[in-house]
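Everything on this sheet refers to the single structure shown next.
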Protein chains: 2
Amino acid sequence: MSQSPKPQRPTDPAKAAPSPKPSAPSARSSEPSRRSSEPSPRSSEPSPRSPEAPPPPVPTSADVARLAGVSRATVSYVLNNAAAVRISEPTRRKVREAAEELGYVPHAAARTLRAGHTRIVLLPTSHVPAGPLYSAFLDDLQWALRRLDYTVVQYGSLGLSGDQAARAWAELRPVAVISLGEIVLSARNVATLERAGAKAVITLGPVGVPGAHALVLDQGEVGAAAALHLVERGHRRIGVVVPEEPGLELFSAPRLAGARSVAGAEVEPVPLARTEESAGRLARRWRSLGLDAVYAYNDEYAMLLMRAFQDEGLRIPGDVAVIGADDLLLGRLLRPRLSTVRIQMPTGDYLAALVDRAVREGAEPAERHGLMAASAIPREST
Amino acid sequence: MSQSPKPQRPTDPAKAAPSPKPSAPSARSSEPSRRSSEPSPRSSEPSPRSPEAPPPPVPTSADVARLAGVSRATVSYVLNNAAAVRISEPTRRKVREAAEELGYVPHAAARTLRAGHTRIVLLPTSHVPAGPLYSAFLDDLQWALRRLDYTVVQYGSLGLSGDQAARAWAELRPVAVISLGEIVLSARNVATLERAGAKAVITLGPVGVPGAHALVLDQGEVGAAAALHLVERGHRRIGVVVPEEPGLELFSAPRLAGARSVAGAEVEPVPLARTEESAGRLARRWRSLGLDAVYAYNDEYAMLLMRAFQDEGLRIPGDVAVIGADDLLLGRLLRPRLSTVRIQMPTGDYLAALVDRAVREGAEPAERHGLMAASAIPREST
DNA sequence: ACATCCTGCTTACGCGAGTAACCGGCACGT
DNA sequence: ACGTGCCGGTTACTCGCGTAAGCAGGATGT
């Protein structure tokens, strides 16, 4: 434990020891010279922290044991409610009271090390995405995983390459990693994680990752639903907004392709940045494009564009029909009310269950498709 | 290390050993019976995982040492670039190559345990908030902390009480905790965290927490800025929206109070839920309230309300002036364009620097005020 | 009277990594 | 020939915890 003047109960030196155990740890002092004395058994109120005093040592289970007058093992058994070991009720109480008095909190790292595994589910987040859809999904997922007794850790991986990120994540030895598609993983990265003990690497995104449980969310569905809706309303020449903001290609390209796949639609890609200026510029040259409808990537771009169209004197949906995606509340407030595509993602419960199955049964990684449903919601702008 | 048939380099049994070191660990088998054999030195490609094979053991620094033909200590020195110890270049290369071949990744928990502390900064998140303002702030903060070599971990604490949350966080032994005000901490919770080694507990929110570095963001500023703007435009009887959604009182109450503090304003609280129905109901009875302006908590509520007013035939800003807060992009797209209050929060860099100072110098916790600036941005709705 | 069983603990060990202290050689000075 | 110093490592110990195995001592069986 330590080299400091500890009780060192005078155990019988001539004990019946089957193996030669001198067991003299030769009190060699190492460098973290902590635990200079008893952690002050009395004084339960947090002392007013005298200036420049060395921080009081963090209480360990050994401290609890000392205070309760039992062995560390007993403390461990009691605090973990080990049913298989018989500890008397009075002792249990003593231990619990001692722990309470010291404000003992177990050390997760020590526990992990001993156990050989964690129950951490890692959720890498590069940039925190706004969308209410996404936000609700994340809440769901966290709840569901907590119910299954996993610890959810969102680990910011901003600006890391796939390799760096994978290594950093692996250090935590998570049982599972759920990549929400903000960081693109390679098969090598998946291997790194699995070698570090991850039982499941799950990716959500437009493309699958070999070796991982890939939930392929086919963004094409969204584009297709939008285009289909427009075609049904009699539109033919359809513009599809492709955001100029970097990082969105993974979503916009499949959506564009999805729109293209719809029979009867002539699709024209239309670049647009998420600013009023860009929308104004596009609106001004709109008539020259010869299009009669636009699928604007999502509701934000759609709203931006709608306003610009109106400022330009274009009537909606008369001159041009507009449809977005994501079903934002605010889209309903515009005049005309914005038609949109509602996107159905896998639920948090579904994902949590998938994690749990993979962890417990070591399910084979596979690609799953068709998890994303998209349906057009007609309102007034189409 | 383990009880399995490991090489056990035939060291000279009659070595000059000053202290009696039988060092026979009496190969007692404990329960995590891992490391059944060498971790397959060859075969660098991930094998196709034969069904029901026990997962290959996670490589440790001992495996690296074995493969490189050196001691574990050497591995540690090399991989940590220890400058104080002289290791020849060829040996360094051997070690690095072995580590690479095995795909070795250090075990964060073991490191933490040994070091006695972490560099984790914990960011509790209960529900992921949408707002672009907040989102950008979080990104900033993560960047800044990473630059200072901290590890940012967002720990979902959904549905936990303050006490439970504090204990759960304490288990990770973070150096610092930055509570964004979603979970209300007590002084006791702060004490728990500090006893667990946290050098800094920082809270951001409308109220201070004793014992913590409290950045008190006075939401009153927002309400005051909005009300002041309205008064300057000649409005007197001002309605202040109070969201009915739970969890927002901590923000809405001070904002209301801030509005009340403005000289010349008669302020009336107006409950409103974030739905079209609620807004419609409010709009219908609006004329009976005798108010000539409304500060709508934030832009979302404002937009909701604006639409309902217009549907009711109220002219904006003629019959009623509307101002929101948060300066959302979409507010600019309405007609009339929505006036708003831009909120200035502390920057991520500022917060990160605060954390770093507290960690390194153990700065005294204190309340800081006046960190939130609010300024009205007049557009067309007022 | 002594073996046997239960109860209620304690003792010992290892998880993986970092590091102070030690140590065998070789080169060099005297 | 022998101390001295540097180089290039290795050995031993520790962090906090969980748990298998051991072990007193009282109760019970024969």
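Note that the coordinates shown come from a computational prediction; the quantities given were computed from them, not determined experimentally. Throughout, protein chains are lettered first and strands after them, A, B, ... in sequence-line order, and every chain is numbered starting at 1.
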(message) Counting only side-chain nitrogens and oxygens, does B:Ser76 get under 4.0 Å of the OP1 or OP2 atom of C:dG18?
(response) yes
(request) Decide, yes or no, whether a salt bridge links B:Arg195 with A:Glu101 under the criterion of side-chain N to carboxylate O below 4.0 Å. (result) no
(message) What is the distance, to the nearest angstrom, from the CD atom on B:Glu171 to the P atom on D:dG16?
(response) 15 Å
(request) Please identify each residue that fulfils side chain to side chain donor-acceptor pair (under 3.5 Å) with B:Thr151, with sequence neighbours left out. (result) none
(request) Return the 5'-most residue of the pair A:Ala73, A:Arg86 with respect to DNA chain C, ranking by each residue's nearest nucleotide. (result) A:Arg86
(message) I need the CZ-P distance between B:Arg114 and C:dT19, as an integer number of Å.
(response) 7 Å
(message) Can you tell me which nucleotide in C:dA17, D:dA20, D:dG8 comes closest to the side chain of B:Ser88?
(response) D:dG8
(request) Could you pick out which residue, B:Thr74 or B:Ala110, lies toward the 5' side of DNA chain C when each is mapped onto its nearest nucleotide? (result) B:Ala110
(message) With a cut-off of less than 4.0 Å, is there a side-chain N or O of B:Asn80 near OP1 or OP2 of C:dA17?
(response) no
(request) May I have the distance from A:Asp63 (atom CG) to D:dG16 (atom P), rounded to whole angstrom? (result) 8 Å
(request) For the side chain of A:His107, starting at C-beta, report the closest nucleotide among D:dC17, C:dT10, C:dG18. (result) D:dC17
(message) Has B:Thr112 got a side-chain atom pairing as donor or acceptor with B:Ala108's backbone, closer than 3.5 angstrom?
(response) yes
(message) Nearest whole Å is fine: how far is C:dG8 P from A:Arg93 CZ?
(response) 14 Å
(request) Please evaluate the base of C:dA17 for a donor-acceptor partner in the side chain of B:Tyr104 within a cut-off of under 3.5 Å? (result) no
(request) Send over the distance from B:Arg66 CZ to C:dG16 C1', rounded to a whole Å. (result) 12 Å
(message) In whole Å, I'd like the distance from the CZ atom of B:Arg111 to the P atom of D:dC15.
(response) 19 Å
(message) Ignoring hydrogens and geometry beyond distance, is a side-chain donor-acceptor pair present between A:Asn189 and A:Thr192 at under 3.5 Å?
(response) no
(request) Go through the N and O atoms of the side chain of B:Arg72 and the base of C:dG16, and report whether any donor-acceptor pair is under 3.5 Å. (result) no
(request) Measure the distance from OH on A:Tyr77 to C1' on D:dG18 and round it to the nearest whole Å. (result) 7 Å
(request) Give a yes or no on whether a salt bridge exists between A:Arg360 and A:Asp356, defined as a side-chain N under 4.0 angstrom from a carboxylate O. (result) yes
(message) Is A:Ser71 close enough to C:dT10 that one of its side-chain N or O atoms is under 4.0 Å from OP1 or OP2 there?
(response) yes
(request) Can you tell me the distance, in whole Å, between the CG atom of B:Leu113 and the P atom of D:dC17? (result) 9 Å
(request) Starting from the 5' end of DNA chain D, give me the residue, B:Arg92 or A:Ser61, whose nearest nucleotide shows up first. (result) B:Arg92
(request) Would you indicate, yes or no, if D:dG9 has its OP1 or OP2 atom less than 4.0 angstrom from a side-chain nitrogen or oxygen of B:Thr91? (result) yes
